[in-house]
Amino acid sequence: MSILCGCCPLLECVYCLGCARWGYKRCLYTAGHDSKDWGLATTDEFEPVPRFCRYILAVYEDDIRNPLWEPPEGYGINPDWLLLKKTYEDTQGRAPAYILYLDHVHHDIVVAIRGLNLAKESDYAMLMDNKLGERRFDGGYVHNGLLKSAGYVLDEECKVLKELVKKNPSYTLTFAGHSLGSGVATMLALLVVRHPDRLGYIDRKRVRCFAIAPARCMSLNLAVRYADVINSVILQDDFLPRTATPLEDIFKSLFCLPCLLCIRCMKDTCVPEQKMLKDPRRLYAPGRMYHIVERKPCRLGRYPPVVKTAVPVDGRFEHIVLSCNATSDHAIIWIEREAQRALNLMLEKENKMEIPEKQRMERQESLAREHNLEYRAALRRAVTLDVPHAESISSEYGTFDKAQEDETEEEETEEEEEEETESIAPMVGESSTSSLRALYRKRRKRGVSWDELIESLSERDESGNLTFEKSDLHQ
């Protein structure tokens, strides 16, 4: 009893210190820390974001020809090009409401999915249909309920999408969603890229996804691997991409939020981030990140929004920001408004600069190269941090230029062979160096190792040392 009495006050002190440290860090932590080292997004890559936000908003309308909540810019939808709209009654709760829109202006086939409906139990059931490490997918882990919902949508619309993709070979296929819908859209993109035969072997480069205010729905290796397809858009302090606690635990703990905060506090205090990165079952926000920053710490009001982008590995929105805007920044209306403001500022800056068309095209090409380099850097960073299955994040589906990688590796191998040959030249004599190079080329073609080559060219003396005395070298 004396031991227990002595331990309890000690544990209380440790817990109080941990909570104080956690609260101190959270109060000083602002959303700007997440993307302070990221680069600025360009107009071309960010241009579709406000448009897809409006497409998602259109899903909430009962009659698109007579809209009730149309934004000032309008939805930008031609009712004649709206191919179908599925409601909760149509999906029987297996998926959120969505539309299929054929955008002839931007040459795009769009599937837009609405966010969480607080009045639908099926949406909560979908979120809670998951356990840590329950569903494996393509070498990683994904949210089980969201994947099942995406599978239902793909099964329902597979024939229509396949026909549209075939009839419009120059069109892209885009999945866009908000909140809960962003998770379903992300899983749809994974399924289509992983099984392109479902849509007539569609090229990976034609598939893309825009996850607005995304849920954490895939493991880190998948989040990096599919960064060329999936784009996540986050407004300032949005809580959902930062909520590392599994979604199902959040909704189960609605009546015990102090317990949830207590657990979150202890995890943030006692579990280092490096250890969390090594958990292969831990879920993250997917793909390339676009962070819209419009407020500054310790300052009132909103500033001109700035959009930053990167493919982060560590520091991937891991900390909740204590902000009164954490929930309002999750609203699709605010995201659309601020994204449009940011895009207008980008366009205004470009118009002032009067960039010629040729330089604009060159900039687009250089942007593609920069993104490719970012993917490579993210892969190397993942391997450095010992992220599980990071070594399997390859260019199997075309994420990276495999031919270029192979060519680079071959050049590096040849340079290493040349250096090793030169280092051995004094041992065998300059007259034998050319013969050694020829044998080395044969070795590379046959796949023989360097040690085996040396062994074949040498003899061992009485002391066991290698001596280059074989006549093969002088033939």
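- Ser149 is linked by a side chain to side chain donor-acceptor pair (under 3.5 Å) to nothing, counting only residues two or more places apart in sequence or in another chain.
- For Glu157 and Lys86, the salt-bridge test passes: some basic side-chain N is under 4.0 Å from an acidic carboxylate O.
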Go through the steps to decide whether Arg54 and Gln340 satisfy the test side chain to side chain contact (heavy atoms under 4.5 Å, CB included), and finish with yes or no. CA-CA 10 Å; Arg54 290 191 285 271; Gln340 187 62 54; 2.9 Å; yes
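- At least one side-chain heavy atom of Ile109 sits less than 4.5 Å from a side-chain heavy atom of Leu100.
- Summarising the geometry of Tyr98 relative to Glu156, their closest heavy-atom pair is OH-CB, 4.3 Å, with the distance given to 0.1 Å.
- Looking at Asp44 and Thr42, their side chains never bring a donor and an acceptor atom within 3.5 Å of each other.
- By the 4.5 Å heavy-atom criterion applied to side chains, Leu116 and Leu127 are counted as neighbours.
- Between the side chain of His291 and the backbone N or O of Val307, no donor-acceptor pair lies under 3.5 Å.
- Using modelled atom types, no side-chain atom of Asp129 and backbone atom of Ala125 make a donor-acceptor pair closer than 3.5 Å.
- Checked by atom type and distance alone, the side chain of Asp329 pairs as donor or acceptor with a backbone atom of Asp237 at under 3.5 Å.
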As a quick check of understanding, evaluate side chain to side chain contact (heavy atoms under 4.5 Å, CB included) for Lys148 and Tyr152, giving each step before the final call. CA-CA 6 Å; Lys148 287 166 63 176; Tyr152 167 80; over 6 Å; no
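- Minimum interatomic distance between Ile56 and Ala176 (heavy atoms only, all atoms of both residues): CD1-C, 4.1 Å.
- Side-chain atoms of Ile292 and Phe46, non-hydrogen and from C-beta on, do get closer than 4.5 Å to each other.
- Within a 6.0 Å radius of CD1 in Ile333, no more than 12 heavy atoms belonging to other residues, nucleotides or ligands are found.
- Looking at Leu347 and Glu47, their side chains never come closer than 4.5 Å, going by heavy atoms from C-beta outward.
- Proximity of a side-chain donor or acceptor of Asp108 to a complementary backbone N or O of Val110 within less than 3.5 Å is not detected.
- Considering every non-hydrogen atom in both Pro286 and Ala223, the closest pair reads CA-CB, 4.2 Å.
- Looking at Asn78 and Tyr101, their side chains come closer than 4.5 Å, going by heavy atoms from C-beta outward.
- Across Arg208, Arg288, Arg204, a single residue satisfies salt bridge (Lys or Arg N to Asp or Glu O under 4.0 Å) together with Asp228, and that is Arg204.
- The CZ atom of Phe52 lies 11.5 Å from the CZ atom of Phe175; values are rounded to the nearest 0.5 Å.
- A 4.5 Å side-chain heavy-atom check between Pro280 and Ser219 finds every atom pair outside the cut-off.
- In this structure, the side chain of Ser182 does not engage the main chain of Ala211 through any donor-acceptor pair within 3.5 Å.
- Ring-centre distance between Trp38 and Phe317: below the 6.0 Å cut-off.
- His143 places a side-chain N or O within 3.5 Å of a backbone atom of Gly145 that can act as its donor or acceptor partner.
- Of the possible polar contacts, one joining the Asp90 side chain to the Thr87 backbone as a donor-acceptor pair under 3.5 Å is found.
- The minimum heavy-atom distance linking Pro96 with Thr91 is given by the pair O-CG2, 4.3 Å.
- In this structure, the side chain of Glu336 does not engage the main chain of Cys53 through any donor-acceptor pair within 3.5 Å.
- For the residue pair Tyr284 / Arg216, no side-chain donor-acceptor distance below 3.5 Å is found, with atom types taken as modelled.
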Table please: side-chain donor-acceptor pairs of residues 159-168 below 3.5 Å, with sequence neighbours left out.
unit_1: Glu163; atom_1: OE2; unit_2: Lys167; atom_2: NZ; d: 2.9
unit_1: Asn168; atom_1: ND2; unit_2: Leu164; atom_2: O; d: 2.9

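- Glu348 and Asn344 share no donor-acceptor pair across their side chains, judged by distance under 3.5 Å alone.
- Heavy-atom minimum distance, Tyr124 versus Leu118: OH-O, 3.1 Å.
- Put simply, the side chain of His178 gets close to the backbone of His330: a donor and an acceptor are under 3.5 Å apart.
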Side chain to side chain contact (heavy atoms under 4.5 Å, CB included) between His107 and Thr172, worked out: CA-CA 7 Å; His107 300 87; Thr172 53; over 6 Å; no
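- The only member of Ile230, Leu147, Asn231, Leu191 that meets side-chain contact (heavy atoms from CB on, under 4.5 Å) when paired with Thr186 is Ile230.
- Checking side-chain atoms of Asp138 against main-chain N and O of Arg194 turns up no donor-acceptor pair under 3.5 Å.
- Contact detail for Ile64 and Pro79: the closest heavy-atom pair is CG2-CB, 4.1 Å.
- His195 places none of its side-chain heavy atoms less than 4.5 Å from the side chain of Leu154.
- In summary, the side chains of Tyr171 and His106 do not present any donor paired with an acceptor at a separation below 3.5 Å, with no hydrogens or angles considered.
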Step by step, would you call Met218 with Phe137 a side chain to side chain contact (heavy atoms under 4.5 Å, CB included)? CA-CA 9 Å; Met218 63 174 62; Phe137 183 91; over 6 Å; no
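- Residues Gln236 and Glu338 are not in side-chain contact: their nearest non-hydrogen atoms beyond the backbone lie 4.5 Å or more apart.
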